There are 2 protein chains.
Amino acid sequence: MSRAEYPVYLQLRDRLWTWIEQEQLCSQQKLPSERELSERFGTTRVTIRQALSQLEAEGLIFRSNRRGWYITPERLRYDPSRDIGFNHYVTEQGFSPRTETLFKELTEMPPWLSEITGLPVGTPIYHVFRRRYVNERGLLVEHNFINPAKCPGLLSESTDLSIWKMLKEQYDLVPDHRDIEIYPLALKGLEAESLNVNQGTAGLYIHRLSFDQEGEFLELDREYWLHDALKISVHVGSRH
Amino acid sequence: MSRAEYPVYLQLRDRLWTWIEQEQLCSQQKLPSERELSERFGTTRVTIRQALSQLEAEGLIFRSNRRGWYITPERLRYDPSRDIGFNHYVTEQGFSPRTETLFKELTEMPPWLSEITGLPVGTPIYHVFRRRYVNERGLLVEHNFINPAKCPGLLSESTDLSIWKMLKEQYDLVPDHRDIEIYPLALKGLEAESLNVNQGTAGLYIHRLSFDQEGEFLELDREYWLHDALKISVHVGSRH
DNA sequence: GCTCCAATCTGGTATATACCAGATTATGGA
DNA sequence: TCCATAATCTGGTATATACCAGATTGGAGC
């Protein structure tokens, strides 16, 4: 039955997609186990996993480490060029945000960062590592490297809210210009562990380097997002 | 040997990475075949494929359909907010660009596009589908939807160069503002075929919707990039 | 030197079968 | 009722083994 045209695992992908629609499974609902699916669709677990991985790549479903497969919620819209806090834009879109500070410390500027900021290696630097949730799904982890010369005592404050807001309100610091980099990568090491996903899971990297009006280094933000979690949306140009 | 701590395919990943460094394989060079690698590293083809897929996700190597594995060239830097032609910025970075027009036609605006542009369904619209290469590796395919009311006769021109440049020089059209969207997705269907990659290969989607000074629809650009091919780089703010 | 075709090489797909490790659930005792 | 622990369920890893289909190569015949 059904020749040549189309490999089995892609046919399975289609059947799973249809099945999910029929069952009206929605955001964050759980799929049956792989063993059950492979029986129900008359194939082996290996092959059903290929089909599931395909749907994962397409962003329809995601896996929660050794717990099972779930329906992916819709993407969060995000504009990295604007200074608006995570909690703010998540709430604005009708979701519920949460932030966990995994660690924060005063450390010394490593060579790679020195190269970016122009400041000498060993300069004191704040380092904050946080995990952010939307509707209790961890979507990203984020490293903030902040220039303590600009905001002494920052680490004694709570970092579970917007750092940007704190910099503005407590230290009167507003970024004047930034360099932004964005590219797809594989989540691995610390970032994969912190998000509780497998090594090599697809992700999106967002890098924001901010300077103040004097052209001095203010902050570097390195965000590691799940690939299916966000949609970057930017408006460029005059009006609107 | 080597217990619990680390799965074999990740160890293999590390060994392959080291091996590639030692051999000093560089951009677009070919790796030995999977069968040869699995023998050389004392494992099965299935497992070596897991390790190779890992390196593929990380962007170190890429596959060319049924031909083999190759070292990924460095990422192309790209600023979607600027109006600068593909050929221009590719050349600028020391690479050699090429564009193929796969088809171009005058058609009618479909519902999904009508929703975005605000123009009625069925309005005439130019549709150009192109493939772009850097150093003879196809990195992206691109759909251009252009408003013919703004540039009658555009399709008789060659579309193998910059459409943006043509709009500017021949029709005096410059986008006044745009909406840009960026997100990771899986390449599939026409886009996967045209880039000669497997269904479900990781990709990056870039969407640029341009309006002229009257606020009227000028052009929609939908780009499908290989995930390992580019690094988006944008400068935001005042000086520099 | 060229063209065409067959042999061969490559990765892609598919099945069967274990066992492992973390997460969850059930159970039984305090 | 609560808590610790054991049983069970889940996806993750690993090996062996086919065969398929597109790409490349090599050689025969012109």
Side-chain angles (χ1 to χ4, degrees), chain A residues 1-16 29-57 61-70 136 138 187-188 192-201, chain B residues 1-16 29-57 61-71 136-138 187-188 192-201:
Chain A
M1 208 142 292
S2 73
R3 246 309 51 69
E5 28 142 336
Y6 219 49
V8 174
Y9 80 97
L10 287 179
Q11 294 176 32
L12 273 174
R13 184 219 87 113
D14 295 344
R15 289 171 61 198
L16 275 167
Q29 273 192 280
K30 191 175 185 304
L31 268 66
S33 77
E34 293 177 356
R35 286 167 235 259
E36 193 181 328
L37 285 172
S38 58
E39 234 177 276
R40 188 184 309 220
F41 288 89
T43 181
T44 67
R45 207 180 129 217
V46 183
T47 307
I48 207 83
R49 271 172 71 82
Q50 263 186 291
L52 289 168
S53 300
Q54 184 75 19
L55 290 174
E56 181 191 29
I61 61 180
F62 70 93
R63 59 180 101 190
S64 177
N65 212 333
R66 282 175 216 271
R67 296 201 309 123
W69 295 89
Y70 299 82
E136 289 311 308
L187 301 173
K188 47 177 204 166
E193 276 168 36
S194 307
L195 286 171
N196 200 25
V197 296
N198 293 330
Q199 298 285 318
T201 298
Chain B
M1 207 143 295
S2 70
R3 243 315 46 69
E5 28 139 339
Y6 219 51
V8 174
Y9 80 98
L10 287 178
Q11 294 177 31
L12 272 175
R13 183 221 89 114
D14 295 344
R15 290 171 61 197
L16 275 167
Q29 273 191 281
K30 192 176 182 306
L31 268 66
S33 76
E34 294 177 357
R35 285 167 236 261
E36 193 181 330
L37 285 173
S38 57
E39 235 178 276
R40 187 184 310 219
F41 288 89
T43 181
T44 66
R45 209 181 128 215
V46 183
T47 306
I48 207 82
R49 271 172 71 80
Q50 264 186 290
L52 289 168
S53 300
Q54 184 76 18
L55 290 174
E56 180 190 31
I61 61 179
F62 69 94
R63 57 180 103 189
S64 178
N65 212 332
R66 282 173 215 273
R67 296 202 307 125
W69 295 89
Y70 299 81
I71 306 292
E136 290 310 310
R137 180 185 177 209
L187 301 173
K188 47 177 204 166
E193 277 168 36
S194 306
L195 285 170
N196 200 24
V197 297
N198 293 331
Q199 298 285 317
T201 298

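Note that the structure is a prediction, hence the values are computed from the model and not measured. Every chain is numbered from 1, with letters handed out A, B, ... down the list of sequences.
- Remark: P of D/dA23 and CG of B/Asn198 are 12 Å apart, rounded to the nearest angstrom.
- Between A/Gln50 and A/Gln54, the closest side-chain pair of non-hydrogen atoms is not below 4.5 Å.
- In this structure, B/Arg137 is positioned above the aromatic face of B/Phe62, its NZ or CZ under 6.0 Å from the six-membered ring centre and within 45° of the axis.
- Non-hydrogen atoms lying under 4.0 Å from DNA chain C are contributed by A/Arg66, A/Arg67, all within residues 61-69 of chain A.
- The residue A/Val8 sits close only to the backbone: its heavy atoms come under 4.0 Å of sugar-phosphate atoms, none of a base.
- Between A/Phe41 atom CZ and C/dA14 atom C1' the separation is 18 Å, expressed in whole Å.
- Atom CD of B/Gln50 is separated from atom P of C/dG11 by 16 Å (rounded to the nearest Å).
- When the P atom of D/dA14 is taken as reference, atom CG of B/Leu12 falls 8 Å away, rounded to whole Å.
- Under the rule for a side chain to side chain donor-acceptor pair (under 3.5 Å), A/Arg15 has no partner lying at least two apart in sequence or in another chain.
- Listed here is the closest heavy atom pair of A/Pro32 and A/Leu37: O-CD1, 3.7 Å.
- Listed here is the closest heavy atom pair of A/Glu34 and A/Leu52: CG-CD1, 3.9 Å.
- In terms of phosphate contacts, B/Thr43 brings a side-chain nitrogen or oxygen within less than 4.0 Å of OP1 or OP2 of D/dT15.
- B/Leu10 has its CG atom 15 Å from the P atom of C/dA21, to the nearest Å.
- Here the side chain of B/Arg45 is nearest to one of C/dT13, C/dG12, D/dT10, namely C/dG12.
- At a cut-off of 3.5 angstrom, counting only N and O atoms as typed in the model, there is no donor on one side facing an acceptor on the other between the side-chain of A/Arg49 and the base of D/dG12.
- The 5' end of DNA chain C is approached more closely, in terms of each residue's nearest nucleotide, by B/Pro32 than by the other of A/Asn196 and B/Pro32.
- Mapping B/Arg35 and B/Thr44 onto DNA chain D by nearest heavy atom places B/Thr44 closer to the 5' end of the strand.
- Proximity note for B/Ser33 (side chain, C-beta onward) versus D/dG12, D/dA16, C/dG11: the nearest is C/dG11.
- Rounded to whole Å, the distance from OH on A/Tyr9 to C1' on C/dG12 is 8 Å.
- Note that CG of B/Leu12 and CG of B/Leu55 are 9.5 Å apart. Values are rounded to the nearest 0.5 Å.
- Remark: A/Trp69 CH2 to A/Ile61 CD1 distance equals 5.0 Å, nearest 0.5 Å.
- The distance between atom NZ of B/Lys30 and atom P of D/dA23, rounded to the nearest whole Å, is 14 Å.
- Regarding B/Ile48, its CD1 atom lies at a distance of 16 Å from the C1' atom of D/dA16, rounded to whole Å.
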